[in-house]
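Structure first, then comments.
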Amino acid sequence: MHDLRYIRENPENFDKAMARRGLESQSASILSLDEERRAVQTKLQVLQAARNETSKKIGEIKKSGGDAQEAMDAVAALKTEMGELEERERELSNSLNQRLAGLPNIMSDEVPDGADEADNVEVRKWMPEGGEPRIGKNAAKEHYEIGEALGMMDFETAAKLSGSRFVMLSGKIARLERALAQFMLDTQTEENGYTEVSTPLMVRDETMYGTGQLPKFGEDLFKTTRGDWLIPTAEVPLTNIVAQEIVDEVTLPRRYTAFTPCFRSEAGSAGKDTRGMLRQHQFYKVEMVSVTKPEDSVAEHERMTGCAEGILQKLELPYRVVTLCSGDTGFGATKTYDIEVWLPGQDTYREISSCSNCGDFQARRMNARYKPEGEKKTQFLHTLNGSGLAVGRTLIAVLENYYDPADGGVFVPEVLKPYMGGVEKIVK
RNA sequence: GGACAGAUGGCAGAGCGGUUGAAUGCACCGGUCUUGAAAACCGGCAAGGGUUUAUAGCCCUUCCAGGGUUCGAAUCCCUGUCUGUCCGCCA
């Protein structure tokens, strides 16, 4: 949600910001709505003041036993006039809010211009000790080839139960998924100071609105028969923890993490990544969410990205970090880093984490505030979210990077061994 | 699912339909006292919006949400949401 006052004071900046999102000028029509609404509001308030005063007088007259009929008639006249203005005010407010709710966040100046993911800018690259992926190009296999050959990754049975874009894991690969989740959660809580939260997976409209999935992106979500939504990411429940709150400054920054399933209907993405478990209707993810004071969010963004990278480093998986360009940056973000892991089977880097600073955009929608020490006014918080990491995709990366062409098995990364009951290698 | 009870400021908790935006207590901030602190005492302390150069004044709105009754609603009525208690069902 946008700050009307900002648009009033910086209309040309606002239009420029929206232009970077590929939108035509917005400020003129927004401001004319705003102006009309304020005019109506002011007029209405004058009448309300008159009504209040006269009503008070009526009370006094009646108390002293006088005849208040004249004053009562005056109020009745005011009321008919007020009714129309109230109606108009409601209409104007609604259309103004709808307009604002549908507009994306203003991006940071650091976001490079660009049309799509091809224009994202690489920030850094990381390789484990040795400087090269352990699997050469010729020996590499895609994760589904590896998993199916091991007999522990079954798309057909999943399709029988649920249709396309589902998978069924079994045996050591199923355990590997659990091990990864456990390992990530332990790292985020014990080393990075995130508080583990177990959240609801079904949420209301307002909650989805708060983080920006609604009203525009309902198509990408699953809706239940009772009318609420399955979360597409734990960002939604975690961020909304502070919705409607005026939080105590000393509790900031707040850092939450959760391990949850994520449900995405991914409408419109048919045909993309159809093989394998790269793009599914359901997957597990460990999510990080930070809530900070405005002045701290930029630093927090770097920190959070580092927390996500730490997981890959411990797993010794090669990756790179890119800054998303203007055309690829999500609706609510001021700036986003994607972390892309090396997938030997695809001979390319693929997104495994996305870390976004949303500034006060979500906080405005959620009305999440704090009161700075010594100040009278409340301020909107800043919110950030990042994957730490997408478990399904990390599983893919482990399978492909730790694949042993000699026997078709998969080595268990060192840090996961304690979580795998001592298993060193997954074999048929 | 059935039957009750409730939802008020950061928290707790009052509130005959008419200076109640709201008593009181706690918390918090400032002051007096004190060598310092505590205690005691005094004062301040909701949010959003309009108007405005103004975070000054003035005004409007808000006591879960949305409707309604009324000249006037925190107070009365209806609907919804949430919470609690009892019963039923159940992993």
Side-chain angles (χ1 to χ4, degrees), chain A residues 1-10 30-97 99-101 198-210 214 224-229 237 240-252 254 261 291 293-294 360 363-381:
Chain A
M1 183 61 85
H2 291 285
D3 182 5
L4 259 178
R5 202 162 302 171
Y6 175 84
I7 302 175
R8 252 179 246 156
E9 286 162 13
N10 310 277
I30 288 173
L31 290 181
S32 86
L33 269 177
D34 174 48
E35 213 168 300
E36 189 181 353
R37 191 197 51 152
R38 278 149 67 207
V40 170
Q41 221 167 46
T42 304
K43 217 180 283 178
L44 182 59
Q45 287 181 2
V46 171
L47 297 180
Q48 283 170 330
R51 177 205 58 194
N52 291 347
E53 204 180 326
T54 312
S55 289
K56 207 174 278 182
K57 217 177 293 170
I58 291 170
E60 284 161 19
I61 294 171
K62 287 204 164 176
K63 202 176 275 176
S64 60
D67 177 15
Q69 193 54 47
E70 193 179 326
M72 283 164 71
D73 291 343
V75 173
L78 283 174
K79 276 184 67 173
T80 44
E81 200 175 341
M82 281 169 56
E84 288 165 35
L85 288 172
E86 277 167 5
E87 175 66 16
R88 185 83 189 116
E89 206 272 339
R90 226 189 329 257
E91 280 170 20
L92 289 164
S93 291
N94 285 344
S95 54
L96 196 52
N97 285 338
R99 277 295 296 282
L100 293 175
S198 176
T199 75
L201 307 177
M202 292 152 62
V203 301
R204 308 162 177 283
D205 291 356
E206 304 91 89
T207 309
M208 285 295 184
Y209 176 85
L214 293 179
T224 72
T225 52
R226 73 197 287 267
D228 35 27
W229 306 87
N240 274 282
I241 288 174
V242 294
Q244 310 297 330
E245 302 282 328
I246 300 176
V247 312
D248 191 341
E249 183 174 9
V250 304
T251 67
L252 299 173
R254 296 211 195 168
V291 178
K293 302 183 206 176
D360 65 4
R364 284 180 186 281
R365 292 174 159 253
M366 297 188 298
N367 200 219
R369 298 158 294 167
Y370 81 108
K371 191 177 286 196
E373 169 100 53
E375 281 186 42
K376 253 196 118 162
K377 297 278 290 178
T378 56
Q379 283 234 325
F380 287 108
L381 294 160

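Every chain is numbered from 1 and lettered A, B, ... according to where its sequence line falls, protein lines coming before strand lines.
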Open item on the list: On RNA chain B, does the nearest nucleotide to A:Ile58 precede the nearest nucleotide to A:Arg90 from the 5' side, or the other way round? Give the residue.
Closed with: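 Going by which nucleotide is closer to the 5' end, it is A:Arg90.
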Open item on the list: Judged by each residue's nearest nucleotide on RNA chain B, which is more toward the 5′ side, A:Ala39 or A:Val75?
Closed with: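 The residue mapped nearer the 5' terminus is A:Ala39.
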Closest heavy-atom contact between [X] and [Y]?
{"X": "A:Asp34", "Y": "A:Leu96", "result": "CA-CD2, 4.0 Å"}
{"X": "A:Lys293", "Y": "A:Glu249", "result": "NZ-OE2, 3.2 Å"}
{"X": "A:Leu214", "Y": "A:Asp205", "result": "CD1-O, 3.8 Å"}

Could you give the distance separating [M] and [N] at their [atom1] atoms, to the nearest angstrom?
{"N": "B:rG1", "M": "B:rC26", "atom1": "P", "value": "44 Å"}
{"N": "B:rA73", "M": "B:rG50", "atom1": "C1'", "value": "24 Å"}
{"N": "B:rG15", "M": "B:rA22", "atom1": "C1'", "value": "8 Å"}
{"N": "B:rG9", "M": "B:rA5", "atom1": "P", "value": "22 Å"}
{"N": "B:rG72", "M": "B:rC87", "atom1": "P", "value": "46 Å"}
{"N": "B:rU79", "M": "B:rU85", "atom1": "C1'", "value": "24 Å"}
{"N": "B:rG18", "M": "B:rC76", "atom1": "C1'", "value": "15 Å"}
{"N": "B:rG13", "M": "B:rU51", "atom1": "C1'", "value": "37 Å"}

Searching all strands shown, indicate the nucleotide that pairs with [N] (Watson-Crick or G-U wobble; both distances under 3.5 Å).
{"N": "B:rU51", "result": "B:rG57"}
{"N": "B:rC16", "result": "none"}
{"N": "B:rA73", "result": "none"}
{"N": "B:rC89", "result": "none"}
{"N": "B:rC4", "result": "B:rG84"}
{"N": "B:rG25", "result": "B:rC11"}
{"N": "B:rA38", "result": "none"}

- [ ] Please examine the side chains of A:Arg38 and A:Arg8, heavy atoms only from C-beta on, and report whether any two atoms are closer than 4.5 Å.
- [x]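 Side-chain contact under 4.5 Å: yes.
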- [ ] Side-chain contact test, heavy atoms from C-beta onward, threshold under 4.5 Å: evaluate it for A:Val291 versus A:Glu245 and give yes or no.
- [x]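 No; the side chains remain at least 4.5 Å from each other.
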Just by distance, do the side chain of [X] and the backbone of [Y] share a donor-acceptor pair under 3.5 Å?
{"X": "A:Asn240", "Y": "A:Thr207", "result": "yes"}
{"X": "A:Arg365", "Y": "A:Ala101", "result": "yes"}
{"X": "A:Thr80", "Y": "A:Ala77", "result": "yes"}

Could you check whether [X] gets within reach of a base, just the sugar-phosphate, or nothing at all, counting any heavy atom under 4.0 Å?
{"X": "A:Arg8", "answer": "sugar-phosphate"}
{"X": "A:Asp248", "answer": "nothing"}
{"X": "A:Ala71", "answer": "nothing"}
{"X": "A:Thr54", "answer": "nothing"}

Open item on the list: Reading RNA chain B in the 5' to 3' direction, which nucleotide is the first one with an atom under 4.0 Å from a heavy atom of chain A, and which is the last?
Closed with: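 Result: B:rG18 to B:rC82.
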